Amino acid sequence: MDLPKNYDVKKIEENWMKKWKETGIYRWDPLKTREETFVVDTPPPTVSGSLHVGHMFSYSHQDFIVRYQRMKGKNIFFPIGWDDNGLPTERRVQNFLNVRCEPSMPYDPNLKVFPGRKGSPLSVSRKNFIELCDQVIVEDEKAFRNLWTRLGMSYDWELEYATIDRHCRLISQASFIELYRKGEIYQEEKPVLWDIDYQTAIAQAELVDKEVPSAFYYFRFPFPNSSDYLVIATTRPELLPACVAVLVHPNDERYKQYIGKTILTPLFHVPVPIMGDEKADPNKGTGVVMVCTFGDQTDVEWWKQFNLPLRQIVARNGTLLHIEFVSNDGKLKHLSDTGHLVIPSLNPDKANEIYSQIHRLYTGNAKKVLVEVANQIEGVIDRPETHITHTVRFFEKGDRPLEIVPTRQWYTKIIDKKEALIEQGKKIKWHPDYMYKRYEHWVEGLNQDWCLSRQRFFGVPIPVWYPINEGGEVIYSKPIVPDIKDLPVDPLSDVPEGYKEEQRDKPNGFTGEPDVLDTWATSSLTPQIATHWFLNPERHKKLFPMDIRPQAHDIIRTWAFYTIVKAYLHDGEIPWKNVVLSGWILDPDRKKMSKSHGNVVTPEPLIEQHGADSVRYWSAKARLGVDTAYDEQAFRVGRKLCTKLFNASKFAIMQLKNIDKELLRKEAIQNPIDIAVINELKTCIQRATASFDDFDYAQSLMLTEEFFWSVFCDNYLEIIKPHVYQSEITNEKISACSALRFIHRAIVRLLAPYLPYITEEVWNWEYSNDKDMSPSVHKSPWPSMREFDGIAEEKYPGLYEVLIGLINPIRKAKTEANISLAAPINRIDVQCPPMFNEVCQILIKDVVAMLHVNEYSICEGNEKIEVFVHI
RNA sequence: GGGCGGUUAGCUCAGCUGGUCAGAGCAUCUGCUUUACACGCAGGGGGUCGCAGGUUCGAGUCCUGCACCGCCCA
């Protein structure tokens with residue numbers, strides 16, 4: 001075959017992309033044993049998120065490791081899935097199609113919605129909404145599938161899954177039921193972190209703290225029938241109606257005499273007790289704090305601790321509920337006849353009048369209005385507000401602060417297992433190892449069980465129903481749980497055993513749980529999803545625990561943590577032996593790349609422009625765990641390496657085409673220079689392999705690159721030119737060509753995990769029919785020490801260094817004389833210590849031939865080799 | 001406030017168990033059109049390795065403190 005003249009990236013990459021697909025070389029072989037298999041717990045990307053270079057970055061890292069393991073002879077289990085359930089998809093559908101889910105609406109089987117619809121959002125039924133989600137993710141998944149294929153990800157596409165598909169729903173619901181039966185899952189009504197925009201509960205892991213500007217407002221809380229008062233600084237005056245107690249530190253000299261007394265809330269005149277507790281910080285505000293239901297987590301703790309009444313005034317959508325203040329006649333009902341909250345007040349008329357001004361407002365507006373009102377009334381505000389910044393908790397995907405709302409939710413018990421989970425973490429090898437600390441600290445800091453239920457739509461349904469008694473009341477305490485063999489179920493359309501559809505939502509009937517599972521409840525099962533778990537115990541046993549979990553470090557507290565939890569709860573096992581953590585791609589200003597920052601670089605044009613190999617090269621330069629600033633320059637460097645490999649390979653293989661292949665044998669390698677360079681290669685392979693075994697692909701690449709470029713191209717190819725150019729077949733030429741083939745064949749394989757396209761191309765020019773190799777470089781063996789068997793021993797250790805010591809001064813002299821390296825020069829005189837004399841004698845002929853030196857002399861010198869060049 | 005990581009040439013980063021470790025690539029400068037490659041080759045300039053102490057015969061490398069940056073948690 002004729003070698004191509006130029007390196008046509010696009011043609012080469014498209015060609016191999018097609019061929020790999022046809023031949024299916026990345027298939028997993030289910031018949032091989034566990035020992036022969038390398039199992040990857042691939043992260044399923046969130047398909048509705050924006051695609052950016054960071055994706056290619058961390059996903060390439062997995063592929064380097066996988067391709068290396070494949071070449072080491074491992075049967076690779078490398079599945080790919082799409083994380084498509086959950087909020088990101090809902091949000092994308094809402095924005096893309098301008099719709100909102102309205103669960104109370106009836107299903108419209110003929111609904112058609114097109115992108116770009118203007119005007120206010122169209123309300124659609126829950127079923128329609130889910131159908132729209134299903135449609136949108138098909139497109140999103142196609143985009144990812146194309147990108148991964150183009151990038152050269154060596155997935156087994158037969159193992160593809162999506163977290164919303166039937167199989168994943170089944171696995172996820174089965175996990176729920178098994179843990180429910182084991183008593184590890186429970187439901188409870190209690191205050192939870194609540195997002196008012198998404199109107200759902202969220203878990204501790206989804207929490208982010210943000211510094212926001214705020215203000216302390218100073219309110220006077222009067223004592224009944226007295227002119228005395230205490231001043232309370234609060235950042236949330238709108239919660240004054242929800243105040244249930246006032247707290248001070250028990251040792252605070254200023255206030256401790258008030259403990260046990262009753263005080264009134266300003267504006268609403270509600271009597272509340274003054275209590276003492278260590279958690280009241282004397283240095284914060286005025287040292288007196290009001291407890292509301294609920295302003296923050298401490299309120300929840302005090303509320304529980306002191307068994308305070310519940311005065312929930314914030315609705316699930318973040319507006320203030322209708323409440324009524326009444327005079328305390330001693331037998332107050334908690335709720336009025338119409339179901340709204342009733343609060344005792346010494347001045348109910350005034351309280352109701354003020355509350356009417358904030359009723360139905362969002363908390364933010366209510367705060368403004370209430371402060372205005374307070375300022376107009378003498379003796380309420382003690383002094384002007386002070387402006388501060390403080391940390392407020394947000395849902396990581398939300399824009400407004402979280403509220404705390406008591407609701408019924410499902411939980412997985414994790415607080416009682418902190419120690420065990422830390423032990424599990426220790427059994428796993430973390431790469432880099434310091435990442436383990438992040439896991440440990442996260443587990444240590446857990447303060448609530450894993451809230452599993454989400455009041456959302458596009459997710460895996462929580463597989464339970466509840467009976468309804470004859471009074472029409474839902475009996476949450478006796479959930480109806482399906483049998484695992486009947487999974488997956490949708491409680492809103494499926495009917496529990498023993499009931500009929502007509503009984504849905506009727507007295508003496510049943511009702512379906514409308515909530516869905518936290519997306520992590522499913523994602524935490526990626527190992528079980530891929531192994532098929534209880535559906536195929538033999539397969540599960542063969543693949544679990546897995547070998548590696550590659551992922552980014554920001555989701556240690558979610559994905560890694562929850563996966564460890566599930567593996568522990570179900571199997572008492574670790575899910576994988578290694579966690580391999582990639583860093584992030586930062587923009588050139590070292591900011592995290594994200595859609596909201598507007599600094600996202602989309603990947604397709606980069607591959608288009610530079611080629612997949614170049615992009616992968618850029619990823620490979622970053623070590624595990626290290627965040628890397630985006631630098632377009634690195635793609636050009638990758639491209640240069642590819643071009644260099646192309647050209648050097650073309651040269652090497654052209655020489656090999658000119659000689660009878662029968663003559664090329666390892667035993668024919670006898671020239672000391674050839675042997676010396678082969679020994680350099682040997683060292684390179686040993687070190688590159690050791691690095692790769694430790695998942696340090698970056699180090700491995702650096703070593704190989706250095707050998708390839710500097711030793712092989714710049715020196716070795718140059719010095720053997722006089723040998724291989726000889727027209728007659730001399731021993732020198734046979735030795736050089738044999739070595740050339742041996743070394744080059746190894747280099748191509750060393751680079752194959754990083755540059756799958758160009759290496760496959762080059763491989764097929766010459767090596768694909770070798771008996772000891774495979775038609776694809778990616779199925780060919782990683783260079784091993786055994787390949788060196790049969791090559792003559794190195795007689796002159798250190799010969800390569802001496803060679804360089806002779807070459808460099810001559811090159812330097814020519815450059816300094818501004819003449820070409822090819823230009824002939826008169827003479828060199830070499831002085832060398834006696835111990836190097838023999839080596840110099842061996843090398844000198846090749847050196848002068850390489851650098852076109854007419855005459856030379858060697859004489860005895862002192863400590864080191866010196867070369868005197870006479871131009 | 002606690003934890004983790006970082007601070008090495010103009011830029012991006014290597015430097016693993018203390019002793020050829022002061023490095024690479026990019027950028028820059030100077031030469032070289034050499035029959036694999038100008039996406040190349042050869043060579044040069046450029047850093048008191050964040051700061052201050054300490055251990056040691058010897059410290060980017062270990063210890064202590066500090067400063068700054070990033071992330072995580074309270």
Side-chain angles (χ1 to χ4, degrees), chain A residues 3-7 9 204-205 207-209 281 296-298 391 393 430 432-447 552-558 581 583-584 586 588-592 610-611 614 617-618 621-655 687 690-691 694 696 698-699 701-703 705-706 709-710 712-715 717-718 720-721 724-725 740 744 762 801 807-824 850-852 864:
Chain A
L3 300 183
K5 190 160 169 19
N6 294 313
Y7 171 43
V9 187
Q204 192 181 351
L207 208 58
V208 289
D209 287 348
D281 181 356
D296 61 24
Q297 202 64 39
T298 329
T391 43
R393 291 180 308 178
W430 300 71
D433 56 3
Y434 60 78
M435 289 289 183
Y436 164 72
K437 278 274 165 213
R438 296 204 190 174
Y439 171 82
E440 191 182 272
H441 285 139
W442 173 252
V443 178
E444 280 170 354
L446 286 170
N447 55 33
H553 57 69
D554 54 331
I555 49 176
I556 289 175
R557 65 176 185 169
T558 50
L581 295 141
W584 283 338
L586 310 172
D589 297 330
R590 301 205 71 84
K591 296 232 163 48
K592 190 185 174 184
H610 303 279
S614 307
Y617 172 86
W618 160 74
K621 295 303 274 184
R623 281 145 59 246
L624 282 175
V626 176
D627 295 345
T628 303
Y630 176 74
D631 178 14
E632 195 133 0
Q633 200 63 248
F635 297 118
R636 282 193 264 276
V637 180
R639 178 62 170 271
K640 273 168 60 173
L641 178 63
C642 294
T643 308
K644 189 78 176 174
L645 181 62
F646 177 93
N647 286 314
S649 300
K650 208 171 70 174
F651 171 78
I653 288 164
M654 258 163 33
Q655 308 314 316
R687 296 175 60 194
S691 299
D694 202 27
D696 192 352
Q699 175 75 2
L701 173 61
M702 207 191 74
L703 293 163
E705 207 181 348
E706 160 74 16
W709 205 298
S710 164
F712 184 72
C713 292
D714 293 343
N715 289 310
L717 289 184
E718 293 306 319
I720 62 164
K721 273 178 183 174
V724 299
Y725 283 164
L740 180 60
H744 180 252
V762 166
E801 279 68 41
I807 291 173
N808 284 350
I810 305 172
R811 281 177 167 169
K812 187 169 175 174
K814 285 189 174 192
T815 298
E816 279 170 357
N818 289 354
I819 61 169
S820 160
L821 289 178
M850 172 190 182
L851 291 157
H852 312 279
K864 58 173 192 177

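Chain A is the first sequence line, chain B the second, and so forth, proteins listed ahead of strands; every chain is numbered from 1. What you see is a predicted model, and the numbers here were worked out from it, not measured in a lab.
Between the side chain of A/His744 and the backbone N or O of A/Leu740, no donor-acceptor pair lies under 3.5 Å. Checked by atom type and distance alone, the side chain of A/Lys814 pairs as donor or acceptor with a backbone atom of A/Leu851 at under 3.5 Å. A/Gln204 places a side-chain N or O within 3.5 Å of a backbone atom of A/Asn447 that can act as its donor or acceptor partner. Between the side chain of A/Asp296 and the backbone N or O of A/Thr298, at least one donor-acceptor pair lies under 3.5 Å. Using modelled atom types, no side-chain atom of A/Lys650 and backbone atom of A/Leu3 make a donor-acceptor pair closer than 3.5 Å.
Listed nucleotides: B/C4, B/A74, B/A36. Nearest to the side chain of A/Lys437: B/C4. Which of B/A36, B/U34, B/G43 sits closest to the side chain of A/Ser820 comes down to B/U34. For A/Arg811, the listed nucleotide lying nearest its side chain is B/A42; candidates were B/A42, B/A36, B/A74. Of the candidate nucleotides B/U12, B/G5, B/A36, B/A36 has the atom nearest to the side chain of A/Lys721. Here the nucleotide nearest the side chain of A/Asn647, chosen from B/C37, B/A74, B/U34, is B/C37. With B/C39, B/A36, B/C71 as the choices, the nucleotide that has an atom nearest any side-chain atom of A/Ala648 turns out to be B/A36. Closest to the side chain of A/Gln633, from the set B/G40, B/A27, B/C4, is B/A27. Comparing B/A42, B/C16, B/A36 against the side chain of A/Thr815 picks out B/A42 as the nearest. Of the candidates B/A36, B/C16, B/G5, B/A36 carries the atom nearest the A/Phe651 side chain, counting heavy atoms from C-beta on. Across B/C41, B/G25, B/G40, the shortest atom-to-atom separation from the side chain of A/Val637 is found for B/G25.
Within the 4.0 angstrom heavy-atom criterion, no nucleotide atom of any strand lies near A/Cys642. When heavy atoms are screened at a 4.0 angstrom cut-off, A/Tyr725 is found touching the sugar-phosphate backbone but no base atom. Nucleic acid contact class of A/Glu706 (heavy atoms, under 4.0 Å, all strands): none. If you check every strand for non-hydrogen atoms under 4.0 Å, A/Glu444 touches nothing. In this structure, A/Asp714 reaches the sugar-phosphate backbone alone: every heavy-atom distance under 4.0 Å involves primed, P, OP1 or OP2 atoms, never a base. As judged by a 4.0 angstrom heavy-atom cut-off over every strand, A/Trp618 is placed among residues making no nucleic acid contact. Base engagement by A/Arg639 is indicated by at least one non-hydrogen atom pair under 4.0 Å involving a base atom.
Taking 4.0 angstrom as the limit, A/Gln204 places a side-chain polar atom (N or O) nearer than this to OP1 or OP2 of B/A74. Applying the 4.0 Å criterion to OP1 and OP2 of B/G44, one finds that A/Lys812 has a side-chain N or O inside that range. Considering only side-chain N and O atoms, A/Lys640 lies nowhere under 4.0 angstrom from the phosphate OP1 or OP2 of B/A38.
Atom C1' of B/G50 sits at a distance of 16 Å from the matching atom of B/U61, rounded to the whole Å. Taking atom P on both nucleotides, B/G46 is separated from B/G40 by 25 Å, rounded to a whole Å. Rounded to whole Å, the separation between the P atoms of B/G23 and B/A9 comes to 14 Å. B/U8 and B/U48 have their C1' atoms separated by 12 Å, with the value rounded to a whole Å. Comparing B/G5 with B/C13, their C1' atoms are spaced 16 Å from each other, to the whole Å. The P atoms of B/C4 and B/U12 are separated by 26 Å, rounded to the nearest whole Å. Remark: the separation of the C1' atoms in B/C62 and B/G19 is 14 Å, to the nearest Å. B/C57 and B/C11 have their C1' atoms separated by 38 Å, with the value rounded to a whole Å.
Across the protein-nucleic acid pair, A/Ile556 atom CD1 and B/C71 atom P stand 15 Å apart, rounded to whole Å. Look at CE on A/Met702: it is 9 Å from C1' on B/G23, rounded to the nearest Å. The NZ-P distance, from A/Lys621 to B/U12, rounds to 16 Å in whole Å. A straight line from OH of A/Tyr617 to C1' of B/U12 spans 11 Å, rounded to a whole angstrom. Rounded to whole Å, the distance from CH2 on A/Trp442 to P on B/C4 is 18 Å. Rounded to whole angstrom, the span from the CG atom of A/Asn6 across to the P atom of B/A36 amounts to 15 Å. Rounded to an integer number of Å, the gap from CG of A/Asp627 to C1' of B/C4 is 12 Å. Between A/Phe646 atom CZ and B/C39 atom P there is a gap of 15 Å when expressed in whole angstrom units.
If A/Tyr7 and A/Phe712 are placed on RNA chain B by their nearest nucleotide, the residue sitting closer to the 5' end is A/Phe712. Taking the nucleotide of RNA chain B with the nearest heavy atom to each of A/Ala652 and A/Asp554, the more 5' of the two is matched to A/Ala652.
The pair A/Lys621-A/Glu705 meets the salt-bridge criterion, since a charged nitrogen lies less than 4.0 angstrom from a carboxylate oxygen.
By the rule that a glycosidic angle within 90° of 0 means syn, B/G70 does not qualify and counts as anti.
Of all nucleotides present, only B/A67 satisfies the Watson-Crick or G-U wobble test against B/U7, with each distance under 3.5 Å. Both distances falling under 3.5 Å, in either a Watson-Crick or a G-U wobble arrangement, occur for no nucleotide opposite B/U17. B/G1: Watson-Crick or G-U partner is B/C73, with both key distances under 3.5 Å.
A cation-pi arrangement is found for A/Lys721 relative to A/Phe651, the charged atom lying closer than 6.0 Å to the ring centre and inside a 45° cone about the ring normal.
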> Checking side-chain contact (heavy atoms from CB on, under 4.5 Å) for the pair A/Trp618/A/Glu632: CA distance, chi angles, key distance, verdict?
Replying inline: CA-CA 9 Å; A/Trp618 160 74; A/Glu632 195 133 0; over 6 Å; no

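Considering only heavy atoms from C-beta on, A/Leu703 stays 4.5 Å or farther from A/Glu706 through its side chain.
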